[in-house]
Peer 1: 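Quick one: structure below, then a few questions.
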Number of protein chains: 2
Amino acid sequence: MVGFMTGERKKFTREGEERRREALIAAALDLIAAGGPQAATVRAIADRAGVTPGLIRHYFRSKEDLVREAYRAMMTAMSDDNAAVLQAPHPSAEARLAAFVAAALRPPVMDPHRMGLWAGFIHQVRGDPDMAAVHAETYLGYRDLLESLIAALGPNDPARLRALAIACNGVIDGLWLEGCALPDAFAPRELETIGLQSVGAILGRDLLAHLPELESD
Amino acid sequence: MVGFMTGERKKFTREGEERRREALIAAALDLIAAGGPQAATVRAIADRAGVTPGLIRHYFRSKEDLVREAYRAMMTAMSDDNAAVLQAPHPSAEARLAAFVAAALRPPVMDPHRMGLWAGFIHQVRGDPDMAAVHAETYLGYRDLLESLIAALGPNDPARLRALAIACNGVIDGLWLEGCALPDAFAPRELETIGLQSVGAILGRDLLAHLPELESD
DNA sequence: CCTGCAATTATACACTTGCATAATTACAGA
DNA sequence: TCTGTAATTATGCAAGTGTATAATTGCAGG
């Protein structure tokens, strides 16, 4: 009869270190995305990962450490999603660029969840030099990739190339932001089309004509 | 002898309700901008405003109420700063639009402090319907204003006008974001120039030629 | 079936948070 | 100068925070 209706010790199974760390990071990211950093308490994270709070400190030096690793995981995931579309073959440089731009303005890259994450981390990135380094690195990597795609369109002097990359990056970021912030304010492919038109206008190319996937929906 | 070297009661002066409320709101905004919502505790806000924590609940129903009003104050301030440049006379519709775009990519509108604020509020806006309403209202107001400036350039059908406004808004937002996030990554007027070129490219106008203030620095 | 150990849970603690309430005090008006 | 009162401060509290540490227990190897 002992233990009936009383707080019995929780049953658990031993998992590999890798899986536990990933589960805790994923839980932290979900919570930050949904409710900001303040929602990601050790207890909430542990709850969502299906463990008890103490385990966090068994796998991470501190909660701050967990958040740091979560940030790194998010940034690499975004980079990978962005660049994934470039692995497919494309008939021309224009088509490559068009596919890249369109991918940024469509799920899973354009996603309110992602924007919540991004915004939630901003202040912590400010304070932590390690996180700031990850941020700068990822941002510049993205812009460099974009610049190389633009360079493939044709010859351009470096200064102009840099300005074009910044401008296109700005367009993509801005539309991404709008789409994430007000997902219901736009028609399904509206932002994608606007993005291609705008980047195309900046570069003097008709990118819309080079996107092969527009008939899929 | 009573009270010597002991915690004496704080001296204070009575201020008008208006000024106290403004001071508390300003303090909350500063703290959120610098360190995110988690930094804006009642004690920190009161400290920064030069009062004791209890006073917050004398002027606001709850901390949540104070944050709500702070958000409203921020949004109207941003709108006002944006639109202020339009009060001056401009020789042409192009010049008006150019001045508007440039103003958005220059202090005080483009300011890391402001971006910190904006990001800090995102999650709270999600949860609170009142704040969400303020947000949508302000955003759409800004875009409508932009659309009217574009419409003044010449005749356009409504659908195209809407798309142009969204695109230009996206460019401005994106460049604003980049400038705020990495203030040292760009030359002084670089983003301003890129913004004018890009918006100009989208609209098919040379806006850069219509900005009168470029010789000021 | 043991037995040891590391993974996991449970408990406790010092600190912070927002809020309620009581005690003061500045200041306008008599 | 006195007095009332509203603005302001001081104190206390319950809930929540991250962290340290002790108590369990799943599970691999004999």
Side-chain angles (χ1 to χ4, degrees), chain A residues 2-3 5-25 27-28 31-32 34-70 120 123-124 127-128, chain B residues 2-25 27-28 31-32 34-71 120 123-124 127-128:
Chain A
V2 182
M5 281 294 284
T6 89
E8 286 179 333
R9 195 166 247 261
K10 180 184 178 186
K11 302 296 181 194
F12 64 94
T13 61
R14 295 185 168 202
E15 299 279 350
E17 169 167 352
E18 196 74 8
R19 293 182 52 184
R20 276 278 132 95
R21 291 176 73 92
E22 282 175 10
L24 288 170
I25 287 176
L31 287 165
I32 292 175
Q38 56 216 314
T41 68
V42 282
R43 286 164 179 85
I45 294 171
D47 242 34
R48 181 169 260 264
V51 298
T52 49
L55 200 61
I56 289 182
R57 298 248 329 147
H58 186 260
Y59 285 115
F60 300 91
R61 266 190 190 166
S62 65
K63 183 203 165 190
E64 194 187 352
D65 231 54
L66 164 56
V67 170
R68 231 191 302 270
E69 291 207 26
H123 290 103
Q124 309 203 308
D128 188 311
Chain B
V2 182
F4 176 73
M5 280 295 284
T6 87
E8 287 180 334
R9 194 166 250 261
K10 180 184 179 188
K11 302 297 179 193
F12 64 94
T13 60
R14 297 183 165 199
E15 300 279 348
E17 169 167 353
E18 197 74 8
R19 292 183 52 183
R20 276 278 132 94
R21 292 177 72 93
E22 281 174 10
L24 288 170
I25 286 177
L31 287 166
I32 292 176
Q38 56 216 309
T41 68
V42 282
R43 286 166 178 83
I45 294 171
D47 241 34
R48 181 167 259 265
V51 299
T52 49
L55 200 60
I56 289 181
R57 296 253 324 148
H58 186 259
Y59 285 115
F60 300 91
R61 266 192 188 164
S62 65
K63 182 203 166 189
E64 195 187 351
D65 231 55
L66 164 57
V67 171
R68 230 191 302 272
E69 291 206 28
Y71 180 66
H123 290 103
Q124 308 203 309
D128 188 311

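The sequence lines fix the lettering, A, B, ..., with proteins before strands; numbering per chain opens at 1. Quick note: numbers below take in every heavy atom, side chains included, and nothing from hydrogens, waters or symmetry partners. In this text the structure is predicted, and so the values were computed from the model without any measurement.
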Peer 1: Polar atom pairs between nucleotides 28-30 of chain D and protein, under 3.5 Å, N or O only, would you list them?
Peer 2:
none

Peer 1: Distance check needed: dA7(C) C1' versus H58(A) NE2, whole Å only.
Peer 2: 6 Å
Peer 1: Does the protein touch nucleotides 13-19 of chain D at the base, only the backbone, or not at all? Give it as B, S and - per nucleotide, heavy atoms under 4.0 Å.
Peer 2: ----BBB
Peer 1: Look only at the side chain of K63(A) and the backbone of I56(A), and say whether a donor-acceptor pair between them is shorter than 3.5 Å.
Peer 2: no
Peer 1: If you compare every side-chain N and O of Y59(A) against the phosphate oxygens of dA7(C) (OP1, OP2), does one of them come in below 4.0 Å?
Peer 2: no
Peer 1: Taking all heavy atoms of A28(B) and all of A40(B), pick out the closest pair and write down the distance.
Peer 2: O-CB, 4.4 Å
Peer 1: Count the heavy atoms of every other residue, nucleotide or ligand shown that sit under 6.0 Å from CD of E64(A), and state whether that count exceeds 12.
Peer 2: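 Check fails, neighbour count at 12 or below.
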Peer 1: Rounded to whole angstroms, how far apart are CG on L55(B) and C1' on dA23(C)?
Peer 2: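 So the CG-C1' distance, L55(B) to dA23(C), works out to 15 Å.
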Peer 1: What distance do R9(B) atom CZ and K11(B) atom NZ have between them, rounded to the nearest 0.5 Å?
Peer 2: 10.0 Å
Peer 1: Determine yes or no for a side-chain-to-main-chain donor-acceptor pair under 3.5 angstrom, with H123(B) supplying the side chain and I32(A) the backbone.
Peer 2: yes
Peer 1: Once side-chain hydrogen bond (donor to acceptor under 3.5 Å, both in side chains) is applied, do any residues pair with R21(A), and if so which ones, sequence neighbours excluded?
Peer 2: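 Scan of R21(A) (side-chain hydrogen bond (donor to acceptor under 3.5 Å, both in side chains), adjacent residues dropped) gives E69(A).
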Peer 1: Nearest-Å distance, CD (E15(B)) to P (dT25(C))?
Peer 2: 19 Å
Peer 1: Could you tell me how far apart E8(A) (CD) and dT11(C) (P) are, to the nearest whole angstrom?
Peer 2: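 The distance from CD of E8(A) to P of dT11(C) comes to 13 Å, rounded to the nearest Å.
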Peer 1: Rounded to the nearest angstrom, tell me the gap between atom CD in E18(B) and atom P in dA7(D).
Peer 2: 14 Å
Peer 1: Which residue pairs pass the ring pair (Phe, Tyr, Trp, His ring centres under 6.0 Å) test with at least one member in residues 40-71 of chain B, sequence neighbours excluded?
Peer 2: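 Passing the test, one end in residues 40-71 of chain B: Y71(B)-F121(B).
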Peer 1: Does anything in residues 38-52 of chain A pair up under side chain to side chain donor-acceptor pair (under 3.5 Å), and if so which pairs, sequence neighbours excluded?
Peer 2: D30(A)-R48(A)
Peer 1: Indicate yes or no: at least one non-hydrogen side-chain atom of E22(A) is less than 4.5 angstrom from one of I25(A).
Peer 2: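 Result no, sub-4.5 Å side-chain heavy-atom pair not found.
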Peer 1: Please produce a list of atom pairs where a protein N or O lies less than 3.5 Å from an N or O of nucleotides 23-26 of chain D.
Peer 2:
residue, atom, partner, partner atom, Å
dG26(D), N2, R14(A), NH1, 2.6
dG26(D), N2, R14(A), NH2, 2.2
dG26(D), N3, R14(A), NE, 3.2
dG26(D), N3, R14(A), NH2, 2.8

Peer 1: Provide, to the nearest angstrom, the distance between the CG atom belonging to D47(B) and the P atom belonging to dT17(C).
Peer 2: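 The distance from CG of D47(B) to P of dT17(C) comes to 11 Å, rounded to the nearest Å.
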Peer 1: Drop me the distance from R20(B)'s CZ to L55(B)'s CG, to the nearest 0.5 angstrom.
Peer 2: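 Those atoms lie 6.0 Å apart.
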Peer 1: To the nearest angstrom, how far is E17(A) atom CD from dT8(C) atom P?
Peer 2: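 Result: 10 Å.
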Peer 1: Would you indicate whether the side-chain heavy atoms of V51(A) and L24(A) approach each other to under 4.5 Å?
Peer 2: yes
Peer 1: In whole Å, what is the span from the CD1 atom of I56(B) to the C1' atom of dT17(C)?
Peer 2: 12 Å
